[in-house]
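These numbers were taken from a predicted model, which means no experiment stands behind them.
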Amino acid sequence: MKELKYLQLLSQHYPTALAASAEIINLNAICRLPKGTEYFFSDLHGEYDAFRYLLASASGIIRDKIDTLFSQTVAQRDRETLSMLIYDPEETLPRLRQEMEGEEYEKWSRVAIYQLVEVCKAVSSKYTRSKVRKKIPANFSYIIDELLHADGDDNKERYYEEITHSIVSTGTSDAFIEQFCGLIKECAVDKLHILGDIFDRGPHADLILEELCRFHEVDVQWGNHDIAWMGAFAGNQVCVASVLRRAVSYNNFDLLEDGYGINLRSLSMFASQVYGEDPCERFRPHQLDENIYDPVDMDLAAKMHKAMAIIEFKLECQLLKRHPAYGMEGRILLPCMDLEAGVIRMGGKSYPLLDRFFPTIDPKDPTALTDGERELIDQLTASFRHSTLLRKHIQFLLRQGSMYKIVNNNLLYHGCIPMGEDGQFKAVELDGKALSGKAYLDAIDAKVRAVFYGGEDPDRQDGVDYFWYLWTGPKSPLFGKSKGAAFERYFIAETETHTEIYDPYYTQVKERKTCEKILREFGLRDEGPTRPHIVNGHVPVKEREGESPIRGDGLLFVIDGGISKAYQRQTGFGGYTLIYNSHHLALAQHRPYRQIREDPRGSAPKVRVVENVSRRILVGDTDTGRELLERIGSLQDLLKAYREGTIQEQRG
């Protein structure tokens with residue numbers, strides 16, 4: 001009876017046997033198309049310009065298509081110009097118009113339109129016509145559709161010539177070319193996977209998230225930096241202070257004030273009053289980017305930086321006292337300071353303090369906020385909670401994000417699966433249960449969502465506090481290190497105290513057997529034309545020191561390669577993209593974006609195929625294909641019901 005009711009509901013969409021048959025034919029045909037190309041990025045860290053370029057260029061794939069199509073007929077310089085046109089038509093078209101005379105520019109425009117048609121045909125060849133039509137800009141939908149399906153028929157040759165001529169003669173060529181370039185970029189990237197850490201360090205996480213919100217098919221695996229911002233929005237004041245400390249330390253004032261509308265006036269006034277006599281030399285911000293809308297004097301920024309750091313460390317101590325189950329008593333550091341002697345006692349040793357100016361710390365109760373600090377953090381927390389754009393972006397991260405994702409036989413997550421030295425999954429206590437492996441990540445995912453969707457849950461504050469543990473806790477799968485040593489780096493010279501010991505996971509996954517163990521834990525097996533893989537971010541690959549992004553005999557890819565400028569001295573390049581098409585998996589290694597900006601003509605990444613598949617992967621081999629096959633099965637049942645008379649066709 002349940003099956004019959006389902007088929008009756010299905011019959012409302014396919015009211016006749018002919019309609020059901022037509023859809024079966026359509027879906028079967030789609031399953032025989034090659035799978036679309038998936039792109040994997042990690043650790044974007046606010047680098048909007050670099051990310052926008054990599055997305056626009058499809059990590060070099062568009063340039064590769066251009067070379068394949070035109071290497072024998074178009075000069076290299078002109079192919080480079082066509083590439084730059086597709087990547088950024090708004091900047092390229094005005095420059096070309098200045099370089100050419102009127103008739104010359106019109107002639108170039110007609111040729112460019114022809115070339116764009118050929119490139120678009122190449123990047124959209126895996127899709128059905130209906131899928132491409134849905135992506136075509138509305139203003140030129142009829143014209144673009146006609147040009148894309150020009151078949152060389154002599155009867156229509158003048159028809160197609162007249163379309164191109166009219167586009168130019170009516171003065172709409174620039175608008176047409178811009179929208180055509182947008183269509184090419186839409187078709188070049190079928191699915192987008194972001195393996196965490198969109199926020200912090202770079203200038204514009206807000207613009208990256210706006211770009212992702214517009215993208216047609218995208219998922220996000222939360223990183224520890226993302227979870228800190230989610231915690232700040234949820235009202236975790238330690239996360240608020242931590243997020244602000246990092247944002248100020250990287251001179252991200254445009255992001256805070258112009259992007260998210262966080263009012264920093266109270267912070268600047270407080271810092272000026274309390275730390276006015278302190279040069280705060282150890283707190284001078286990194287200046288990797290310039291602020292356009294909200295420039296702040298670096299002397300004042302240093303004072304703001306220190307003010308937030310002290311508030312953060314006080315709140316951190318208070319939170320840890322509330323949660324002894326976190327097992328992080330060793331991070332309650334402020335009471336370990338002897339301000340009169342100018343030392344801090346840790347691990348049975350005394351270390352001189354590099355900074356001795358702490359006007360808001362009471363030696364009798366060093367973790368207590370002053371009235372001014374309490375008022376300040378309350379105001380800043382309210383500013384985070386009331387940011388409309390931040391609310392939109394957190395909702396996006398909840399809707400499209402998760403702790404991990406399994407897609408097309410690949411397991412995606414940001415950090416690690418906590419492990420012991422013996423290679424076994426580490427059991428971690430969460431809400432009274434000892435959990436490990438997949439069960440631990442599932443429980444974390446549920447706990448995060450409960451904070452936002454659980455209503456007036458009496459345990460909500462426990463969940464809000466837990467965001468901080470996910471950000472920097474030693475058994476957090478998003479962090480995976482013994483500690484976050486920000487305090488030590490600010491105040492202690494001895495580098496032995498700065499060491500952050502990585503979870504054994506990062507050593508264990510170099511071995512194939514560990515990767516196979518993780519894949520089995522999440523239910524992935526060898527099946528179909530390709531074996532399963534783990535795709536991982538979080539830890540930059542120091543390739544200049546001999547590190548490889550490929551681990552576990554090719555079962556794991558670490559794709560944090562340094563899109564962030566802050567990491568490029570370590571990595572030596574500008575980031576990785578993992579590309580998974582119907583033929584192979586490939587790693588694209590990019591130049592730093594500042595080099596691309598200075599010399600865009602030499603911008604092609606180094607692309608290396610890291611694994612070929614046993615046969616070409618079709619849509620029917622993918623997760624989408626399995627869903628389509630289920631629909632085909634249901635439609636076949638409906639068709640049978642029509643033919644047997646169990647369900648009547650709806651005529652008329």
Task: Partners passing side chain to side chain contact (heavy atoms under 4.5 Å, CB included) against Asp67 (at least two apart in sequence or in another chain) - done: Arg63, Arg79

Task: Side-chain heavy-atom pair Phe199, Leu209 within 4.5 angstrom cut-off - done: yes

TODO: Give the minimum heavy-atom separation between Pro137 and Leu183, together with the two atoms involved.
DONE: CD-CB, 4.4 Å

- [ ] Applying ring pair (Phe, Tyr, Trp, His ring centres under 6.0 Å), name anything that partners His286, two or more places apart in sequence or on another chain.
- [x] Tyr250

- [ ] Verify side-chain contact (heavy atoms from CB on, under 4.5 Å) between Asp43 and Ile563, making sure each step is shown before the conclusion.
- [x] CA-CA 7 Å; Asp43 297 82; Ile563 290 177; over 6 Å; no

Task: Distance-minimising heavy-atom pair for Ala58 and Tyr39 - done: O-CE2, 3.3 Å

- [ ] Dump the intermediate steps for salt bridge (Lys or Arg N to Asp or Glu O under 4.0 Å) on Lys131 and Asp190, then the final yes or no.
- [x] CA-CA 11 Å; Lys131 185 171 182 176; Asp190 190 47; 3.1 Å; yes

Open item on the list: Between Val123 and Lys65, is there a side-chain heavy-atom distance shorter than 4.5 Å?
Closed with: yes

Task: Basic-acidic side-chain contact under 4.0 Å: Arg158, Glu162 - done: no

TODO: Verify whether one side chain among Asp200 and Trp229 offers a donor that lies under 3.5 Å from an acceptor in the other.
DONE: yes

- [ ] Test Leu27 against Leu635 for side-chain contact (heavy atoms from CB on, under 4.5 Å), laying out the working first.
- [x] CA-CA 10 Å; Leu27 296 180; Leu635 287 164; 3.9 Å; yes

Task: Side-chain donor or acceptor of Ser57 paired with backbone N/O of Tyr87 under 3.5 Å - done: no

Task: ring-ring contact (aromatic ring centres under 6.0 Å, His included) partner of Phe51, chosen from Phe41, Phe215, Tyr593 - done: Phe41

Open item on the list: Pair Met84, Arg95 - check side-chain contact (heavy atoms from CB on, under 4.5 Å), show working.
Closed with: CA-CA 11 Å; Met84 290 187 288; Arg95 176 176 59 79; 4.1 Å; yes

Task: Gap separating the NE2 atom of His193 from the OH atom of Tyr580, nearest 0.5 angstrom - done: 9.5 Å

Task: Pairing residues for Thr73 by the side-chain hydrogen bond (donor to acceptor under 3.5 Å, both in side chains) criterion, not counting sequence neighbours - done: none

Task: Residues in side-chain hydrogen bond (donor to acceptor under 3.5 Å, both in side chains) contact with Ser42, at least two apart in sequence or another chain - done: none

Open item on the list: Does either side chain, that of Tyr159 or that of Glu146, offer a donor lying less than 3.5 Å from an acceptor on the other one?
Closed with: yes

TODO: Mind checking ring pair (Phe, Tyr, Trp, His ring centres under 6.0 Å) for His393 and listing every partner two or more places apart, or none if nothing turns up?
DONE: Tyr260

TODO: Compare all side-chain heavy atoms of Asp145 with those of Phe140 and state whether any distance is below 4.5 angstrom.
DONE: no

Task: Residue pairs involving residues 528-542 (criterion salt bridge (charged side-chain N to carboxylate O under 4.0 Å, His left out); sequence neighbours excluded) - done: Arg531-Glu611

May I have the list of side-chain donor-acceptor pairs in residues 394-403 shorter than 3.5 Å, sequence neighbours left out?
residue	atom	partner	partner atom	Å
Gln400	NE2	Val218	O	2.7
Ser402	OG	Tyr404	O	2.7

- [ ] Take Glu47 and Arg201, measure what salt bridge (Lys or Arg N to Asp or Glu O under 4.0 Å) needs, and give me the verdict at the end.
- [x] CA-CA 8 Å; Glu47 298 289 356; Arg201 297 195 176 92; over 6 Å; no

Task: Cation-aromatic face contact Lys134/Tyr127, 6.0 Å, 45 degrees - done: no

Task: Results of side-chain hydrogen bond (donor to acceptor under 3.5 Å, both in side chains) for Thr128 - residues two or more places apart only - done: Ser130

- [ ] Kindly give the heavy-atom pair with the smallest separation between Leu556 and Cys515, and that separation in Å.
- [x] CB-SG, 3.9 Å

Open item on the list: Among residues at least two apart in sequence or on other chains, which ones pass ring pair (Phe, Tyr, Trp, His ring centres under 6.0 Å) with His45?
Closed with: His225, Tyr567

Open item on the list: Between Ile144 and Leu148, is there a side-chain heavy-atom distance shorter than 4.5 Å?
Closed with: yes

Task: Shortest non-hydrogen contact from Tyr413 toward Ile534 - done: OH-CG2, 3.4 Å

TODO: Answer yes when Glu161 and Arg110 have at least one side-chain N-carboxylate O distance shorter than 4.0 Å, and no when they do not.
DONE: no

- [ ] Taking all non-hydrogen atoms of both residues into account, name the closest pair between Glu91 and Pro94 and its distance.
- [x] O-CD, 3.5 Å

TODO: Determine whether His149 and Lys121 make a side-chain contact, defined as any pair of heavy atoms from C-beta on separated by less than 4.5 Å.
DONE: no

Open item on the list: If I take atom OG from residue Ser173 and atom CD1 from residue Ile167, how far apart are they, to the nearest 0.5 angstrom?
Closed with: 8.5 Å

TODO: Answer yes or no: does atom CD of Glu90 have more than 12 heavy-atom neighbours from other residues, nucleotides or ligands under 6.0 Å?
DONE: yes

Open item on the list: If the condition is ring pair (Phe, Tyr, Trp, His ring centres under 6.0 Å), which residues does Phe180 pass it with, not counting sequence neighbours?
Closed with: Phe176

Task: Side-chain touch Lys405/Val220, heavy atoms, less than 4.5 angstrom - done: no

Open item on the list: Does this structure show an ion pair linking Arg97 with Asp174, if we count only N-O contacts that are shorter than 4.0 Å?
Closed with: yes

Open item on the list: Evaluate Asp219 against Gln221 for side-chain hydrogen bond (donor to acceptor under 3.5 Å, both in side chains), listing each step before the verdict.
Closed with: CA-CA 7 Å; Asp219 53 74; Gln221 291 70 61; 2.9 Å; yes

Open item on the list: For Arg626, give me all partners under side-chain hydrogen bond (donor to acceptor under 3.5 Å, both in side chains), at least two apart in sequence or on another chain.
Closed with: Asp623

Task: Heavy-atom closest contact (Leu116 atom, Ile177 atom, distance) - done: CD1-CG2, 3.8 Å

TODO: State which residue, out of Thr622, Asp621, Thr530, Ile617, fulfils the side chain to side chain contact (heavy atoms under 4.5 Å, CB included) condition with Asn408.
DONE: Thr622

Open item on the list: Less than 3.5 Å apart, any donor N or O on the side chain of Ser582 or Arg616 sitting next to an acceptor on the other?
Closed with: yes

Task: Leu96/Glu99 under side-chain contact (heavy atoms from CB on, under 4.5 Å): CA gap, chis, key distance, verdict - done: CA-CA 5 Å; Leu96 293 174; Glu99 293 174 359; 3.8 Å; yes

- [ ] State whether a side-chain donor-acceptor pair under 3.5 Å links His204 with Asp254.
- [x] no

TODO: Would you indicate whether the side-chain heavy atoms of Leu587 and Thr577 approach each other to under 4.5 Å?
DONE: no

Task: Polar contact flag, side-chain donor to acceptor under 3.5 angstrom, His533-Asn410 - done: yes

Open item on the list: Side chains of Asn536 and Phe557, heavy atoms from C-beta outward: is any pair under 4.5 Å?
Closed with: no

Task: Pairing of Lys392 and Glu210 as salt bridge, 4.0 angstrom limit - done: yes

Open item on the list: With a sphere of 6.0 Å drawn around CZ of Arg32, does it hold more than 12 non-hydrogen atoms of other residues, nucleotides or ligands?
Closed with: no

Open item on the list: So, using side chain to side chain contact (heavy atoms under 4.5 Å, CB included) as the criterion, who are the partners of Asn581 when residues are at least two apart?
Closed with: Thr37, Lys126, His583, His584

